Asks: 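My questions all concern the structure below.
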Number of protein chains: 2
Amino acid sequence: MTPPAVKLTARRKSRPSFAPLSAHEAELAVFFVRMAGILGVPRSVAEIYALLYASPDAVDFDQVQGRLGMSKGSVSQGLKFLRDHGMILSVKAPGSRRERWQPTPSLAASLVTLLRSQVLPALEQSSPSLERIVAGAQGTQASPEVIERLTRLRRWNARALELFPLMLPPPRDA
Amino acid sequence: MTPPAVKLTARRKSRPSFAPLSAHEAELAVFFVRMAGILGVPRSVAEIYALLYASPDAVDFDQVQGRLGMSKGSVSQGLKFLRDHGMILSVKAPGSRRERWQPTPSLAASLVTLLRSQVLPALEQSSPSLERIVAGAQGTQASPEVIERLTRLRRWNARALELFPLMLPPPRDA
DNA sequence: GCGTATGTTCAAAAATTATTGAAACATCGC
DNA sequence: GCGATGTTTCAATAATTTTTGAACATACGC
């Protein structure tokens, strides 16, 4: 909850035939892991993103798994997450079946998408609930003070709901 | 990581001599817990805040513990957290030793403080690291593409660092 | 169409984070 | 000071989240 100290990325070792992360790649990974932590994005996802971010060329599944030394499952889920949030793009290779990945051009846009995907659902789910709460408070007991607070909360919720969708690209793909 | 479904607050039961949460209080707690989840604030803390938020009068330690049915330890830590982030204020009672708590007037301000306390340290810690990374990339190998990315990242970090402190009240108390 | 390279799923294990509660600590009124 | 009330600490436990890996899908190139 409070800053989890430094916490080095990995005592994991990369699979034999892949280079482990260079010092700078590792440091970048630490950076992304730290930032991701704030939004509750798991370490493995942040590490994958960092790797792509530091790579001049698109990176394929096996390279991710090999260089980061993580399981297939994690790589698959991690790439899915990043894909679903529009944070990475696949570069269809020439005669190969493999997909190769690279970060979406705008990290900023990616972050907004990510943020939205976390916040919007919460706001939406809570909306009716807040209505009920305010109604309830006005109905029965409840001090004016509390009613005032709750009303303000509802106003916020509403405003956030209408502002958020404006903040960027409409729901991606299908 | 993704919306954790509804997840009712508590199968915990309030201690005998305290009223359990009313339906509306409970619903408000769910709301706050949900929002808190986004920032990685633990459920118990959100519940405490919700209780204070829905109470016309300031609430003391025992009432929190009793009505929410949580342990002393949790109440103590929860109140500490909220206190440290300037989200609640103590109302020194007349002839009693007990402290009684109520939410800080501006929830907005509280949120910014909270946000800052999570993000700022991460930004600060990462700053030197990013310098090294960029320097390293420029020094040795590294495609222009990657250097460009990393440089942009550093610029962001720097800008965020100078903007954030402006965003609100300087570090509180001592 | 078939065999295999490429990915995905998902239950079980590991890692992390939150909560509890009993013991230590503090402070107030006397 | 002393006892009582009120709060904090922290090691142990519980709850939650993340990762793993082996079994299962898919579809591509032949």
Side-chain angles (χ1 to χ4, degrees), chain A residues 1-15 33-34 36-48 58-66 68-84 88 90-101 118, chain B residues 1-15 33-34 36-48 58-66 68-84 88 90-101 118:
Chain A
M1 184 169 54
T2 18
V6 186
K7 192 73 163 277
L8 242 311
T9 13
R11 65 281 120 196
R12 248 180 331 224
K13 58 181 193 301
S14 63
R15 292 212 328 252
V33 168
R34 208 180 260 143
I38 294 171
L39 287 173
V41 172
R43 146 183 305 264
S44 63
V45 173
E47 287 182 358
I48 294 174
V59 176
D60 71 30
F61 194 106
D62 266 17
Q63 295 178 132
V64 172
Q65 185 183 359
L68 294 175
M70 57 175 66
S71 70
K72 268 187 159 203
S74 289
V75 175
S76 178
Q77 289 187 179
L79 288 175
K80 178 176 187 347
F81 178 94
L82 292 169
R83 222 187 298 137
D84 288 353
I88 61 178
S90 102
V91 177
K92 270 291 179 188
S96 162
R97 174 131 54 114
R98 295 204 154 174
E99 302 216 72
R100 302 170 69 237
W101 302 95
Q118 309 242 271
Chain B
M1 183 169 50
T2 19
V6 187
K7 192 75 163 278
L8 241 311
T9 11
R11 65 284 117 196
R12 249 181 328 227
K13 60 184 195 299
S14 63
R15 292 212 328 252
V33 168
R34 207 182 260 143
I38 293 172
L39 286 174
V41 173
R43 145 183 308 264
S44 63
V45 173
E47 287 182 359
I48 294 174
V59 176
D60 70 31
F61 194 107
D62 265 18
Q63 293 178 134
V64 172
Q65 185 183 1
L68 294 174
M70 58 174 66
S71 70
K72 274 188 164 197
S74 289
V75 174
S76 177
Q77 290 189 179
L79 287 176
K80 177 175 189 343
F81 178 94
L82 293 168
R83 222 187 298 135
D84 289 351
I88 60 177
S90 103
V91 177
K92 273 289 182 190
S96 163
R97 176 133 49 114
R98 295 200 155 180
E99 302 215 70
R100 301 171 68 237
W101 301 95
Q118 308 243 268

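Values in this document were obtained by computation on a predicted structure and should not be read as measured data. Atoms considered below: every heavy atom in the structure, side chains included; atoms not considered: hydrogens, waters and symmetry mates.
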Asks: Between B:Glu47 and B:Val33, what is the shortest heavy-atom contact and its length?
Replies: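 That would be CG-CG2, 3.9 Å.
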
Asks: Can you check the B:Met70 CE to D:dT13 C1' distance for me, whole Å?
Replies: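 Rounded to the whole Å, the gap is 17 Å.
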
Asks: Take atom CG of A:Asp62 and atom P of C:dA5, then tell me their distance rounded to the nearest Å.
Replies: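 These atoms are roughly 12 Å apart.
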
Asks: Rounding to an integer number of Å, can you tell me how far B:Glu47 CD sits from C:dA18 C1'?
Replies: 12 Å

Asks: Going by side-chain contact (heavy atoms from CB on, under 4.5 Å), name the residues that satisfy it together with A:Ser90, two or more places apart in sequence or in a different chain.
Replies: A:Glu99, A:Trp101

Asks: May I ask you to evaluate whether B:Ser76 reaches the phosphate of D:dT7, defined as a side-chain N or O under 4.0 Å from OP1 or OP2?
Replies: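 For D:dT7, OP1/OP2 do not have a side-chain N/O of B:Ser76 under 4.0 Å.
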
Asks: Tell me the interatomic distance from B:Arg43, atom CZ, to D:dT16, atom P, rounded to whole angstroms.
Replies: 7 Å

Asks: List the protein contact pattern of nucleotides 22-30 of chain D with one symbol per nucleotide (5' to 3'): B for base contact, S for sugar-phosphate-only contact, - for none; contact means a heavy-atom distance under 4.0 Å.
Replies: -----BBS-

Asks: Check whether any side-chain heavy atom of B:Gln118 sits under 4.5 Å from a side-chain heavy atom of B:Leu39, and report yes or no.
Replies: yes

Asks: In chain order, what residues pass the side-chain hydrogen bond (donor to acceptor under 3.5 Å, both in side chains) check against B:Ser71, with sequence neighbours excluded?
Replies: B:Ser74

Asks: Under the rule for salt bridge (Lys or Arg N to Asp or Glu O under 4.0 Å), what residues qualify as partners of A:Lys80, not counting sequence neighbours?
Replies: A:Asp84

Asks: Could you give the NZ-to-P distance, from B:Lys80 to C:dC25, as a whole number of Å?
Replies: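 Nearest whole value for this atom pair: 18 Å.
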
Asks: Just to confirm, is there a sub-4.0 Å distance from OP1 or OP2 of C:dT6 to any side-chain nitrogen or oxygen of A:Arg100?
Replies: no

Asks: By side-chain hydrogen bond (donor to acceptor under 3.5 Å, both in side chains), which residues pair with A:Gln77, not counting sequence neighbours?
Replies: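 Per chain and number, A:Gln77 pairs via side-chain hydrogen bond (donor to acceptor under 3.5 Å, both in side chains) with no residue.
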
Asks: Between B:Leu39 (CG) and C:dT17 (P), how many Å, whole number?
Replies: 16 Å

Asks: Touch check for A:Glu99, heavy atoms < 4.0 angstrom, all strands: base, sugar-phosphate only, or nothing?
Replies: sugar-phosphate

Asks: Rounded to whole Å, please give me the gap between CG in B:Leu79 and P in D:dT9.
Replies: 13 Å

Asks: With A:Arg98, which residues qualify under salt bridge (Lys or Arg N to Asp or Glu O under 4.0 Å), at least two apart?
Replies: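 Salt bridge (Lys or Arg N to Asp or Glu O under 4.0 Å) list for A:Arg98, sorted by chain: A:Asp60, A:Asp62.
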
Asks: Through what angle, rounded to 10 degrees, does the axis of the helix from C:dG1-D:dC30 to C:dC30-D:dG1 turn between its ends, using five pairs per end?
Replies: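 Helix axis angle between the two ends: 30°.
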
Asks: Please figure out whether A:Asp60 or A:Gln77 has its closest DNA chain C nucleotide nearer the 5' end.
Replies: A:Asp60

Asks: Given C:dT4, is OP1 or OP2 found less than 4.0 Å from the side-chain N or O atoms of A:Arg98?
Replies: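 For C:dT4, neither OP1 nor OP2 has a side-chain N or O of A:Arg98 closer than 4.0 Å.
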
Asks: Calculate, to the nearest 0.5 Å, the distance between atoms NZ and CZ belonging to A:Lys72 and A:Phe61 respectively.
Replies: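 One finds 6.0 Å between NZ of A:Lys72 and CZ of A:Phe61.
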
Asks: If we check side chain to side chain contact (heavy atoms under 4.5 Å, CB included) with A:Ile48, which of these qualifies: A:Gln65, A:Met70, A:Arg43?
Replies: A:Met70

Asks: Using whole Å, what does the distance between atom P of nucleotide D:dT7 and atom CZ of B:Arg83 come to?
Replies: 9 Å

Asks: How long is the straight-line distance from CZ of A:Phe81 back to OG of A:Ser44, given to the nearest 0.5 Å?
Replies: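 CZ of A:Phe81 is found 9.5 Å from OG of A:Ser44.
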
Asks: Closest to the A:Ser71 side chain: D:dT19, C:dT19, C:dG7?
Replies: D:dT19

Asks: Think B:Ser74 has a side-chain N or O under 4.0 angstrom from the OP1 or OP2 of C:dT19?
Replies: no

